[in-house]
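The next block holds one structure in the form of structure tokens; read it before the comments.
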Amino acid sequence: MAADAANRGDFAQALPMLSHALAIDSEATAPAYAELLSHLSLTSWPRQLEADLVTCLNAGAVDPQTLARAAARMLLVKYPEPVVAGDALWEAFLTRCINVDPAMEVRLIWLAGQDLPDGLRDALAVQAFASEYVWGGERLGVPADAMVELAEELVLAVEMPSLESSFPRRRPGPRLESCDAESGPRPSPGKEEEEDAGRRISGAVRAQYETNPYPRWRAPAARQHVSVSAHLAALGAPQEQPLAVLVAGCGTGFEPIDLAGMDKSLAITALDLSAASLAYGKRMAGVLGVERVRFVQGDILDVEALGQRFGLVNCTGVLHHMERPEDGLAALVEVLEPGGVLRLALYSERARAWVAEARRVIGEQGWDANPAGIRAFRAYVFALPPEQPLARLRESDDFYSLSGCRDLCFHVREHWYRLPAVQEMLAGAGLELLMLDAPPEAQHCFTQLFGTAGDRRDLGLWDRVEGTYPHLFAGMFHLWARKPG
Ligand SMILES: C[S@@+](CC[C@H](N)C(=O)[O-])C[C@H]1O[C@@H](n2cnc3c(N)ncnc32)[C@H](O)[C@@H]1O
């Protein structure tokens with residue numbers, strides 16, 4: 001009933017019901033409640049709502065990052081003036097989320113300069129670590145270097161056992177993780193020279209992610225069981241059991257760890273170029289008690305050397321960072337079982353038009369892809385009037401950590417796509433499209449243009465939808481495709 005009320009947008013009815021249910025069974029209720037809270041725009045500070053928000057932030061079944069905006073807004077409404085006041089909401093917000101609110105960033109910078117009680121100082125240190133000291137102190141008249149110094153001091157001063165297992169906290173700071181992931185596939189003799197340009201780019205991409213592993217994340221939701229095999233069967237591509245999954249370009253391990261939590265029957269291999277990213281993933285797997293992910297360091301171009309076939313390959317936000325994405329795709333198709341499924345996500349050219357503008361400004365100003373350049377760029381964006389197109393960067397979660405901001409606007413290589421080109425690339429690799437996994441808003445726009453009978457597997461039609469509503473795929477094109485059996 002509460003869910004029905006929430007779906008109707010009747011928050012006044014849904015909230016008390018969810019609040020009551022949360023008090024009885026917090027783990028079962030928290031995901032639905034958190035979903036509702038993440039959409040609320042808070043303008044007042046009801047005490048019960050605050051208590052419920054804290055419960056949801058700490059619930060294992062909720063990804064706390066989905067509540068980062070709601071928690072920041074509630075804290076700013078609760079404390080309209082800067083004051084040093086520790087409470088459960090501050091602690092849950094600072095230790096479980098990475099801030100993504102511009103006004104809250106100013107408050108955090110202010111807090112870092114105060115004499116704080118131990119609990120609040122420790123929580124702020126965890127926040128500083130998680131966002132990689134991204135805060136630009138100049139917004140409060142503190143020189144950037146002094147701000148970094150302050151944030152590093154905070155981190156160095158406190159005990160953070162859950163963050164410490166595989167990285168040193170001494171300067172130059174805890175950004176570099178040491179890795180004991182398996183070293184994986186190597187290029188076969190001769191192949192290395194053949195694909196020189198591709199490997200050069202892999203080297204540059206690797207260097208970026210060694211310095212700035214991506215994404216920064218704190219905790220995935222402990223999911224209720226979802227059978228990945230049943231999902232693939234429903235897509236018309238049933239797989240042999242047990243299902244072997246490759247996460248190609250796993251970054252810092254959120255995806256494989258999330259998958260492992262979702263379906264305990266999966267045998268997961270997580271591959272990435274970057275040792276630092278893999279170390280982040282291994283550390284988090286250890287913290288979260290996930291044992292069934294095999295982390296391997298290597299290049300997708302050499303994936304065949306793993307000597308294994310997979311029923312599912314997940315490759316999200318990776319191929320567009322290769323010199324020739326079609327070479328990466330061909331290599332992944334080689335390791336798919338006949339009939340196996342590829343889940344792919346690629347950047348949309350239209351949705352990233354404003355990133356092109358950001359890159360133009362960065363080039364013009366000569367800002368380098370290092371902490372000073374990234375902070376200078378952020379200061380520029382924060383100073384823009386809200387009506388400027390680039391000001392919308394302030395709404396992007398990635399804007400709020402050094403690695404995220406670098407991934408978003410300073411990447412060493414990226415390709416952008418229109419859907420007809422994606423269709424061609426899939427066909428060129430011999431894959432059949434199963435579906436474009438479009439978000440609900442995009443599905444709604446499709447129905448408006450082509451009715452319910454329009455063929456949703458026709459990427460040409462989807463391209464026309466995107467032409468009309470260019471922002472729809474800001475979260476990338478997500479596609480499922482199948483290798484013929
Ligand atoms: C934007 S991150 C995406 C991480 C992850 N898929 C996610 O969505 O959370 C891109 C990742 O792809 C990795 N990568 C890029 N090119 C690669 C290649 N040729 N082989 C293996 N990994 C690669 C990078 O090291 C980086 O960790």
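Every heavy atom of this structure was used, including side-chain atoms; hydrogens, water molecules and symmetry mates were not. First listed ligand is number 1; within each ligand, the first listed atom is number 1.
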Quiz item: Of the protein's non-hydrogen atoms, which lies at the shortest distance from atom 3 (C) of ligand 1, and what is that distance?
Solution: Thr316 O, 3.8 Å

Practice problem: Answer yes if the side chains of Arg413 and Gln208 hold a donor-acceptor pair under 3.5 Å, and no otherwise. | Solution: no

Self-check item: Interfacing atoms of ligand 1 (cut-off 4.0 Å, heavy-atom, Ser202)
Solution: 19 (N)

Practice problem: Could you tell me whether ligand 1 has any atom less than 4.0 Å away from a heavy atom of Gly328? | Solution: no

Self-check item: Heavy atom of the protein closest to atom 27 (O) of ligand 1 (residue, atom name, distance)
Solution: Asp272 OD2, 2.8 Å

Exercise. Fit a plane to each ring of Phe254 and Trp217, take the angle between them on a 0 to 90° scale, and name the class: parallel (under 30°), tilted (30 to 60°) or perpendicular (over 60°).
Key: perpendicular

Quiz item: Should the pair Arg292-Asp263 be classified as a salt bridge under the 4.0 Å nitrogen-to-oxygen rule?
Solution: no

Self-check item: Note, Pro389 side chain near Glu357 side chain (heavy atom, < 4.5 Å)
Solution: no

Quiz item: Met322 near ligand 1, heavy-atom distance under 4.0 Å?
Solution: yes

Exercise. Among all protein heavy atoms, pick out the one at the shortest distance from atom 17 (C) of ligand 1; state its residue, atom name and that distance to 0.1 Å.
Key: Leu273 CD1, 3.4 Å

Quiz item: Between the side chains of Ser277 and Asp272, does any donor sit under 3.5 Å from an acceptor?
Solution: no

Self-check item: atom 24 (C) of ligand 1: the protein heavy-atom neighbour that sits closest, reported with distance to 0.1 Å
Solution: Tyr209 CD1, 3.3 Å

Practice problem: Please name the pair of heavy atoms, one in Ile300 and one in Gly249, separated by the smallest distance, quoted to 0.1 Å. | Solution: CD1-N, 4.4 Å

Quiz item: Using 4.0 Å as the upper bound for N to carboxylate O, is an ion pair formed by Arg73 and Asp101?
Solution: yes

Self-check item: Proximal atoms of ligand 1 relative to Pro215 (non-hydrogen, under 4.0 Å)
Solution: 9 (O)

Quiz item: Considering only heavy atoms of Gly251, which atoms of ligand 1 have at least one such atom less than 4.0 Å away?
Solution: 4 (C), 27 (O)

Self-check item: Salt-bridge criterion met for Arg69 and Asp397 (N-O under 4.0 Å)
Solution: yes

Exercise. Enumerate the atoms of ligand 1 whose separation from the nearest heavy atom of Asp299 is less than 4.0 angstrom.
Key: 18 (C), 19 (N), 20 (N)

Quiz item: Below 4.0 Å from any atom of ligand 1, is there a heavy atom belonging to Cys315?
Solution: no

Practice problem: May I ask you to check whether Ile300 has an N/O atom sitting below 3.5 Å from an N/O atom of ligand 1? | Solution: yes

Exercise. Answer whether the closest heavy-atom distance between the side chains of His321 and His411 falls below 4.5 Å.
Key: yes

Quiz item: Got the closest protein heavy atom to atom 14 (N) of ligand 1, with its distance?
Solution: Val318 CG1, 3.7 Å

Exercise. Please say whether Gly249 places an N or O atom under 3.5 Å from an N or O atom belonging to ligand 1.
Key: yes

Exercise. Output yes when a side-chain donor or acceptor of Glu414 lies under 3.5 Å from a complementary backbone atom of His320, and no otherwise.
Key: no

Quiz item: Which heavy atom in Trp367 sits nearest to a heavy atom in Ala376, and how many Å separate them?
Solution: NE1-CB, 3.3 Å

Quiz item: Which of the atoms in ligand 1, numbered in the order shown and given with their element, are less than 4.0 Å from a heavy-atom of Gly298?
Solution: 20 (N), 21 (C)

Self-check item: Test of proximity, Asp407 against ligand 1: N or O pairs below 3.5 Å
Solution: no

Quiz item: Does Tyr214, backbone or side chain, put an N or O under 3.5 Å from an N or O of ligand 1?
Solution: no

Exercise. Could you tell me the residue and atom name of the protein heavy atom closest to atom 15 (C) of ligand 1, and the distance to it rounded to 0.1 Å?
Key: Val205 CG1, 3.6 Å

